[in-house]
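Predicted model, so just to flag it, every value in this text is computed and none were measured. Throughout, a chain's letter reflects where its sequence line sits, starting with A, and its residues are numbered from 1.
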Amino acid sequence: MKYEYIKNTFLKFFQKKNHKIFSSFPIYLENDPSLLFINAGMNPFKDYFLGYKKPLYTRITNVQKCLRVSGKHDDLENVGYDNYHHTMFEMLGNWSFGDYSRKEAIEWAWELLTNIYNIPKEDIYVSIFIGDKEDDKLLMDNETFICWKNLISEKNIIFFGKKENFWEMGDVGPCGPCTEIHIDIRHKKDKKKLLGRYLVNKNHPKVIEIWNIVFIEFLRKNNGKLEKLDKKHIDTGMGLERLCMILQGKSSTYETDIFYPIVKDIEKSLGNIYKNEFYQNVSIRIIADHLRAIVFSICDGKIPSNNGSGYVIRKILRRAVFHVNLFLLKKEPFIFQFVPSLIKKMRIFFPELEKNNEYIQYVIKEEELSFIKVLNEGNKKIQYVINKTKEKKKHIISGETIFKLYDTYGFPLSLSKILIEKHQLKIDEKSYQKKLLEQKNRSKKSNNAVIKEDWIVVNTTKEDLLNNSVEDNFVGYFHTEIDNVFIIKYRIVKNILIKNNFYELVLSKTPFYPEGGGQIGDTGYIINNINEKISILNTKKENNTIVHYTNQLPFHITFPFKAIIDINRRKDIEKNHTSTHLLHFALRSILGNHIQQKGSYIGNEYLRFDFSHYKKLTTDELLEIGKLVQKFIFSDFHLKEKQFSSLIEAKKIASYYSSNELFNYENQKKIRVIAFGDSSELCIGTHVKNTRSIEVFQIISESSVSHGIRRIKALTSRKAIEYLKNIYHQYDSLKMIMKYPNSITKSYNYILEINKKLKQEKLKIEFHQIELLKRIFYSNSIQLNNKIRYLCDINNLLKKEKLDINIIKKTLLSLRIKIEYFISIIGFINNEKPMIFICISDKIAKMNSALYADNLILKISDYISGKYWGNHLFSTSVGKNKNGLILVKNYMDKYIIKLIKNQ
RNA sequence: GGGGAAUUAGCUCAGCUGGCUAGAGCACCUGUUUUGCACACAGGAGGUCAUCGGUUCGAUUCCGAUAUUCUCCA
């Protein structure tokens, strides 16, 4: 049975049972701060289970892309070393939202596995929740037991506790008892020796869990307690990779047709390097697995970065590169080249992959390159550390040093270890772990600083609750203030660090735009009829609920309120949002159709637009783009807003959209298309009524965000005028300073040229001065014996002429080259301070260390109460006592002559 | 969100404890020699040492802020 067939069979089976087929959601949820990635098929349906949102269908089936590398479910370190763990996997699921019960869910699962997929009944084991008398006071799941008893021998039923058979999404959220289906794929002989039931949940590679059927009945609250839900739901998940492994009779998922072609491609490209050796095979499996996780994540719009979900992607990819580098001996980007092989396999179900093929390869290659760079730099650094340690004849390298290599420069501990052990050295791992723990604690502290408590419902009927999705209660497209608003629920957000409470409010309806589509959230206030006024500081979306942020609660919380947004701020935002559309259109017109939006920020102060383009924009291009946007603004385009009930219809009208963006619209009832002139875009934001009100558009910067993505920042209206006026002011003052030239650029170039010439002139003069000074110094110097030329010139001619001290220095440095045996001491007054230079030639330095310039200066700098510094050949002293200078010559003459005589 | 680092010539980077003629390789320019695979040799140009403050007689170097980049933790 092939992968495609297995997948389609599942969906069609449940379609026949009246389930609506959904395509997979992207691998992460846009508005859920509690999750970095979808780690279970039920994540996107959380609100349906909790009754916060009413589903359009009560029966759904889908195959969801999931990633398990962080938080409660983390399998990363296992991947590659065993046969069936994966970072990314596809989860086959069927869902009931208050519709069917345990009986149907269990019977259908049985029917599908035994009748359609033809898995032998005796190989199937099921586990049932035994109850929890202590913490949660839950009874044994008898209903499930009865259902199974009718289908399967009791020998194949096993009971387990909370850890195995009570499923929870995370610390808080929907949960409930579950029944798991395990399959025994061992050899007949082995099965006879020991019954499979003794190997369930024992990490046996051939007795494995494939399907978890969860009966969602509770909400786990912040305080740790369970709250019974109004309706009972079904949430099931079966790992597609493991199912394929079983149905294809393989003992490893990597041998199924999902992974096998890629594994073979990798082996092939290795050629002679491939030795079919353990770590190489692990590395190949790691590439095959990690590549899939990364490709899907990038395609869904997550790119490697240094925090949040982007960092998870980076960690996965770098783990793969690490193995490539160490065991497959490739020192250049390698993994990216298998992207096409993966896409070829997956494109039927995920056509968006093919569209983004080049982009995905590019992102992966860049990240590989940057990690290889990190490894190279780290190698140099650790080599230095190793050499130093050996020089000092030590055997243990401090954990702090190795930790710093990792923490600051990204060089992995395991690599450090390998390299260090090669030199028969050791790392003090205790201090390394201590440092790492410190780092983790610091993060925890900052992370736990904000605690969000449970929602407190204050003023509502069930209907209000069900209706409070973004689409239903946002009225801000048409109203900036509304009456008769109720606070439905609120929660307290505590910040321990600054010891301050904030509050989040959900309103029955709202004119406040929640942050989304690049546009920032509205601010404003709500006020009740006894004039209690509460400021709204920001507005965001959380899983389809609009949340208003404030720092105080009204006393009369159940009263009706008037909700009013900061209208001037909103107007500024709207000008920026419409300008962003116009900019997008202008970019496409001038640079070409390859321009794709890669993100935007639309605030009240400025706007930012990121887009795919591979070259820096020229000044001319920027000028043209600015001009075109300005032309649109003066064209008096009216806002044309159209609403569609299907995405297909909307796509016909909208001139462009990113595939990523599309998904967020797929499950919405209404789809908006915003048009100004020829520009039309799918958009959820708010806009000006007429482009003329934007007045002025001005680009203020163009830069690179990451490879292949450029960023334009721009201002509009008042801000743009202020900016331009400020530039004009600068220009005007510059003109004034330059005495009003005809052309500023011409004059500036002229000045540059003159400056260059003057510098050359100065050099010439300096050269002459040095030549002159050389002669003077030479004539003032005396012959000490037949070799040595000695000069001690203290405060003599130099005080008459004001000379640059650099010239004196250069003169001496030039003389020490010219005269083989040369000792010079020059004293003078500079800036009212006495200074002494001592300079000797190389051959003098070789004669006697007492003649070193730095040793000589030490003898005399006390005379002028000076600080001194320098090296053997040239030294300096600067002092406070001018009168001491005269004493220097007398002392020095005697001292030097004495030294020379003793030679 | 929290920590650690980096920013020096067009590019890749040295410059350890404040002062030591701000350097190397590649690229560029000009000669000479050769016209062949990174040609060779000689010479040259190119720097607000990221920006702004502070300490100091003196800051590329020390301290602080800002910007950008890298990196780790969550």
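- Looking at the side chain of A/Asn306, the nearest of the listed nucleotides B/A74, B/G4, B/C72 is B/C72.
- As a whole-Å value, the separation of A/Phe371 CZ from B/C70 C1' is 13 Å.
- Closest heavy-atom contact between A/Ser370 and A/Arg318: OG-NH2, 3.3 Å.
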Check: If you write RNA chain B from 5' to 3' in dot-bracket form, with Watson-Crick or G-U pairs under 3.5 Å, [ ] for crossing pairs and | for pairs with another strand, what do you get?
Finding: (((((((..((((.....[...)))).(((((.......))))).....(((((..]....)))))))))))).
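- Looking at heavy-atom distances under 4.0 Å, A/Glu438 makes no contact with the nucleic acid at all.
- For B/U71, its base never sits under 3.5 Å from the side chain of A/Asp407 at any donor and acceptor pair.
- Comparing B/U71, B/C72, B/G1 by their nearest atom to the side chain of A/Ser443 picks out B/G1.
- A/Leu67 places none of its side-chain heavy atoms less than 4.5 Å from the side chain of A/Asn39.
- Rounded to whole Å, the C1' atom of B/G53 lies 13 Å from the corresponding atom of B/A59.
- Side-chain atoms of A/Gln439 and base atoms of B/G2 include a donor and an acceptor less than 3.5 Å apart.
- Mapped onto RNA chain B by nearest heavy atom, A/Lys713 and A/Ser309 fall at different nucleotides, with A/Lys713 at the one closer to the 5' end.
- Residues A/Lys444 and A/Glu367 both approach RNA chain B. Their nearest nucleotides, taken by heavy-atom distance, put A/Glu367 toward the 5′ side.
- A donor and an acceptor atom, one from each side chain of A/Ser297 and A/Asp300, are nowhere located under 3.5 Å apart.
- Residue-level contact check: A/Lys440 touches the backbone only, with heavy atoms under 4.0 Å from sugar-phosphate atoms and none from bases.
- Which of B/G2, B/U71, B/G4 sits closest to the side chain of A/Arg442 comes down to B/G2.
- The aromatic rings of A/Phe37 and A/Tyr28 sit perpendicular to each other, their planes meeting at more than 60°, with 30° as the lower class boundary.
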Next item on the list: For the pair A/Arg789 and A/Glu820, evaluate salt bridge (charged side-chain N to carboxylate O under 4.0 Å, His left out) and give the outcome as yes or no after the intermediate values.
Entry: CA-CA 9 Å; A/Arg789 197 82 197 166; A/Glu820 262 190 314; over 6 Å; no
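- Within 4.0 Å (heavy atoms only), A/Phe874 reaches no atom of the nucleic acid at all.
- The nearest whole Å value for the distance from the CD atom in A/Glu377 to the C1' atom in B/U69 is 13 Å.
- B/U12 and B/A27 have their C1' atoms separated by 11 Å, with the value rounded to a whole Å.
- Taking the P atom of each, B/G31 and B/A45 are spaced 16 Å apart, rounded to whole Å.
- B/A9 and B/G15: their C1' atoms are spaced 14 Å apart (whole Å).
- The side chain of A/Arg318 has B/C72 as its nearest neighbour among B/G4, B/C57, B/C72.
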